[in-house]
Structures are given as C-alpha cells and as structure tokens.
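Contents: one structure, followed by commentary.
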Amino acid sequence: MSTVQQPEPGDRPARLAVGVVGAGRVGPALAASLQLAGHRPVAVSGVSDTSRRRAEAMLPGIPLVPPAEVLQRADLVLLTVPDDALPGLVTGLAETGAVRPGQLLVHTSGRYGAKVLDPALRAGALPLALHPAMTFTGTPVDVQRLAGCSFGVTAPEELRLAAEALVIEMGGEPEWISEENRPLYHAALALGANHLVTLVAQSMELLRTAGVEAPDRMLGPLLGAALDNALRSGDAALTGPVMRGDAGTVAAHVTELRRHAPQAVDGYLAMARATADRALAHGLLKPELAEDLLGVLANGADGADGTNGTNGTEGNAR
C-alpha cells in the first residue's frame with residue numbers, strides 16, 4: 001500500500017489533457033494512472049502493431065495519431081520512447097513547430113535529466129524528467145504497481161513542485177535526482193533490476209539441468225529472503241561459499257558450469273569477484289582464505305581447472 005498522502009480534490013492542480021508519444025510498456029500505464037487521478041488522456045502515438053494494441057487495451061477509445069498531432073491535442077505530453085531515440089525526437093518536434101508554449105513535456109528516461117528537453121524548452125515548453133523506478137509488463141497490473149513506486153525526478157527548480165505533484169497523483173514517491181547524477185542513478189537501477197532478471201533466469205535454467213522440476217518454487221522463498229535481507233542489512237546479508245572463503249566449492253562450481261553452461265561462467269566469475277571484494281572490505285571474508293579463493297577465480301577466468309592448489313572439495317554449508 002502506498003504511503004503517499006494523496007492530495008484532497010480541492011488541492012489538486014487543474015485537470016490536464018494528456019498525450020502519449022511512444023506506446024511502449026510505460027506510456028499507456030502512466031496515462032492510465034493519470035486518468036485515475038482525474039486527468040484526461042486525449043491522444044496516443046505508436047509505431048508497431050504491438051504498441052497500438054497495447055494502447056487500445058490500456059487506454060480504450062483514445063485515438064491513435066501521429067506524434068505532432070498528440071502535441072496539438074495535449075497539455076501534458078509523455079515522451080515514452082527508448083533512451084537513444086529521445087534526443088532526436090525532442091529536436092524534431094521542436095524544429096517542426098509541434099511544441100506549444102506552456103505545454104508540459106515529460107520524458108520517462110532514467111538516463112537523461114531535463115536538459116535533453118532543451119530544444120523544447122527554447123520553444124516554450126515546460127520540461128520534466130519523471131522516471132518510474134519500476135519494471136513494466138505492458139498490462140493493467142503496471143498501474144497498480146505504481147502505488148508507492150519511487151520516481152527519479154529532475155526539473156528546473158521552478159517546476160519542481162509541479163513535477164512532484166504529478167508523481168504523487170500517480171501514487172508514486174518523488175525522489176529528486178540532480179541533472180549530473182542521472183546516468184549514475186540509472187546505472188544503479190539497471191545493475192539491481194535488469195541484471196537480476198538475467199541472474200534469476202540463468203539460475204532457473206541450471207536448476208532444470210540439475211533435475212529440479214519446479215525451479216521457480218525452489219527459488220521463490222530463497223530469493224525473497226535474500227532480497228529482504230540485503231535491503232535491510234546490506235553487505236552484512238552476504239552468505240555462501242565466496243563469503244566463507246570455500247575455494248574448493250567455488251572451483252567445483254566453475255568446473256560444472258564449464259561442463260553444462262559455459263555461457264554462464266563469465267558472469268559467475270565476475271559476480272564472485274565482486275562478492276569477494278565486498279566481503280573482504282567488510283571483514284566477512286578472512287584474508288587468509290581469500291588468497292586461495294581469488295586464485296580459483298583467476299584460474300577460472302583463464303579456463304584452468306580452477307582448483308589452484310585446493311583439494312577441490314566442497315565447503316560445508318553454513
């Protein structure tokens with residue numbers, strides 16, 4: 001349940017006509033959330049058949065029109081296109097005269113702050129960067145997940161309150177991110193969320209190879225507990241053979257991965273080295289055990305058998 005205090009009806013800003021440029025997974029969900037807050041979606045643009053079907057499902061009855069026409073109809077325009085496409089889109093809209101003075105122009109890119117909207121700013125638009133720190137499915141469940149979701153907010157100081165008000169209306173939690181810190185902020189989210197999906201998918205594949213019939217059921221409680229512990233305790237939540245310095249167990253892991261899933265070896269070694277570094281820095285990995293462990297990881301990267309002088313036996317689970 002969201003902890004955000006929703007504004008009283010009398011305190012809400014004027015209702016806005018909302019347009020979406022880019023009917024991917026994010027735009028229709030945000031527009032639907034704004035609709036629940038009393039705003040009025042009026043137009044959507046989408047290129048692929050999938051995006052058009054998504055827009056029709058999430059925003060039924062809202063016309064699909066070209067981007068320039070979206071800007072003609074809307075007071076608030078959501079630019080929800082891929083990061084690499086955003087600068088060119090903004091420049092093109094500004095150069096063709098599609099941007100209207102006083103129009104709220106919102107992009108949802110995590111990478112960029114408000115400066116990417118400078119061409120539109122010079123045309124009189126009001127630039128806001130509102131990035132929801134959430135993974136989207138392109139289905140109505142996304143609207144529910146926005147409740148309590150943090151948004152990375154970047155905008156000119158005079159528009160800060162307006163940006164935060166829009167986030168709160170969507171049920172989100174505004175978190176101010178400075179312009180210069182946007183790439184770092186986005187890298188942190190990608191590291192924690194995008195790469196997590198890859199790790200979990202690889203883990204499920206390996207469990208199936210090992211004969212586990214329901215890897216999702218096996219991993220669910222384990223990963224839920226690990227995530228909860230990590231969010232509560234940070235590095236103190238580290239467990240497993242790397243933290244314990246069980247070089248033999250790690251060597252056995254590398255050997256089996258090379259045999260059954262060679263594409264997973266590089267990722268395993270990289271994460272094991274990062275884990276060892278953090279465990280050492282926080283006094284969780286004993287220095288006298290770290291030498292053999294780091295030797296295993298170095299040999300594993302070279303394609304050696306990974307034992308590095310250890311006996312190759314697995315450590316005790318602790």
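- In plain terms, the two heavy atoms of Pro41 and Ala31 that are nearest each other are CG-O, 3.8 Å.
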Problem - side chain to side chain contact (heavy atoms under 4.5 Å, CB included) evaluation trace for Leu34 with Leu76 - result: CA-CA 10 Å; Leu34 288 168; Leu76 164 63; 3.8 Å; yes
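- Of all heavy-atom pairs spanning Thr80 and Gly22, the tightest one is OG1-O, 2.5 Å.
- A distance-only check finds no donor-acceptor pair linking the side chain of Asp228 to the backbone of Gly224 [under 3.5 Å].
- Formation of a donor-acceptor pair under 3.5 Å by the Arg182 side chain with backbone atoms of Ser109 is found in this model.
- Residues passing the salt bridge (charged side-chain N to carboxylate O under 4.0 Å, His left out) test with Arg160 are Glu164, sequence neighbours excluded.
- Summarising the geometry, atom CE belonging to Met170 is positioned 11.5 Å from atom CG belonging to Leu36; distances are rounded to the nearest 0.5 Å.
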Practice task
Starting from the C-alpha separation in whole Å, work towards a yes-or-no answer on side chain to side chain contact (heavy atoms under 4.5 Å, CB included) for Asp83 and His186.
Solution key: CA-CA 11 Å; Asp83 289 357; His186 195 222; 3.5 Å; yes
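- Between Glu256 and Arg259 there is a salt bridge, with a side-chain nitrogen of the basic residue lying less than 4.0 Å from a carboxylate oxygen of the acidic one.
- A continuous path of ILVMFWY side-chain contacts below 4.5 Å connects Leu30 to Leu64, so both sit in one hydrophobic cluster.
- Atom CD of residue Glu173 and atom CD1 of residue Ile168 lie 8.0 Å apart, to the nearest 0.5 angstrom.
- Between the side chain of His107 and the backbone N or O of Gly113, at least one donor-acceptor pair lies under 3.5 Å.
- You'll find the side chain of Pro63 reaches within 4.5 Å of the side chain of Arg73, heavy atoms only.
- Using a 4.5 Å heavy-atom cutoff, the side chains of Val242 and Met271 are not in contact.
- Follow the hydrophobic side-chain contacts under 4.5 Å out from Leu289 and you reach Leu269 in the same cluster.
- Val116 and Val26 fall into different hydrophobic clusters, where Ile, Leu, Val, Met, Phe, Trp and Tyr are joined by side-chain heavy atoms under 4.5 Å apart, directly or via other members.
- For Arg278, the salt bridge (charged side-chain N to carboxylate O under 4.0 Å, His left out) partners at least two apart in sequence or on another chain are Asp235.
- Side-chain heavy atoms closer than 4.5 Å link hydrophobic residues (I, L, V, M, F, W, Y) into clusters, and following such links, even through other members, never connects Met243 to Leu297.
- A ring-ring contact (aromatic ring centres under 6.0 Å, His included) check over residues 58-78, counting only residues at least two apart or in different chains, returns nothing.
- Across all their heavy atoms, Ala32 and Leu59 have their closest contact at N-CD2, 3.8 Å.
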Exercise for the section: Start with the C-alpha gap between Asp75 and His39, add the side-chain angles, then the distance that decides, and say whether side chain to side chain contact (heavy atoms under 4.5 Å, CB included) holds. Expected result: CA-CA 10 Å; Asp75 306 311; His39 298 288; over 6 Å; no
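- The CG atom of Leu105 sits 7.5 Å away from atom CG of Leu93, with the distance rounded to the nearest 0.5 Å.
- A side-chain contact (heavy atoms from CB on, under 4.5 Å) with Val21 is found for exactly one of Val70, Val44, Leu78, Val90, namely Val70.
- Between Leu231 and Leu227 the shortest side-chain heavy-atom distance falls below 4.5 Å.
- A donor-acceptor pair is defined here as one N or O able to donate and one able to accept, closer than 3.5 Å; no such pair exists between the side chain of Asn181 and the backbone of Ile177.
- Taking the side chain as every heavy atom from C-beta outward, Pro215 and Ser203 never approach each other to under 4.5 Å.
- Dense packing is recorded around CD of Gln263, with more than 12 heavy atoms of other residues, nucleotides or ligands lying under 6.0 Å away.
- Scored by the salt bridge (charged side-chain N to carboxylate O under 4.0 Å, His left out) test, Asp49 finds no partners at all (sequence neighbours excluded).
- Note that CG of Leu117 and NZ of Lys115 are 11.0 Å apart. Values are rounded to the nearest 0.5 Å.
- Between Asp84 and Arg111 there is a salt bridge, since at least one side-chain N of the basic residue sits less than 4.0 Å from a carboxylate O of the acidic one.
- Cluster annotation: Val77 and Tyr112 are assigned to the same hydrophobic cluster (Ile/Leu/Val/Met/Phe/Trp/Tyr, side-chain heavy-atom contacts under 4.5 Å, transitive).
- Proximity of Leu121 to Asp118: side-chain heavy atoms (C-beta onward) are separated by under 4.5 Å at one or more points.
- Summarising the hydrophobic clusters (Ile, Leu, Val, Met, Phe, Trp, Tyr; side-chain heavy atoms under 4.5 Å, direct or chained), the residues clustered with Val42 are none.
- Among all heavy-atom pairs drawn from Ser51 and Ala23, the shortest one is CB-O, 3.0 Å.
- Put simply, CG on Leu71 and CD on Gln103 are 4.5 Å apart, with the number rounded to the nearest 0.5 Å.
- Across all non-hydrogen atoms, the minimal contact from Ala125 to Val99 is CB-CG1, 3.5 Å.
- The shortest side-chain heavy-atom distance between Thr108 and Phe136 does not fall under the 4.5 Å cut-off.
- Taking OG1 of Thr50 as the reference point, atom CZ of Arg25 lies at 10.0 Å (rounded to 0.5 Å).
- Crowding of Glu179 atom CD: a count of heavy atoms from other residues, nucleotides or ligands under 6.0 Å exceeding 12.
- Every residue was checked against the salt bridge (charged side-chain N to carboxylate O under 4.0 Å, His left out) condition with Arg54, not counting sequence neighbours, and none meets it.
- Within 6.0 Å of the CG atom in Leu196, the count of heavy atoms belonging to other residues, nucleotides or ligands exceeds 12.
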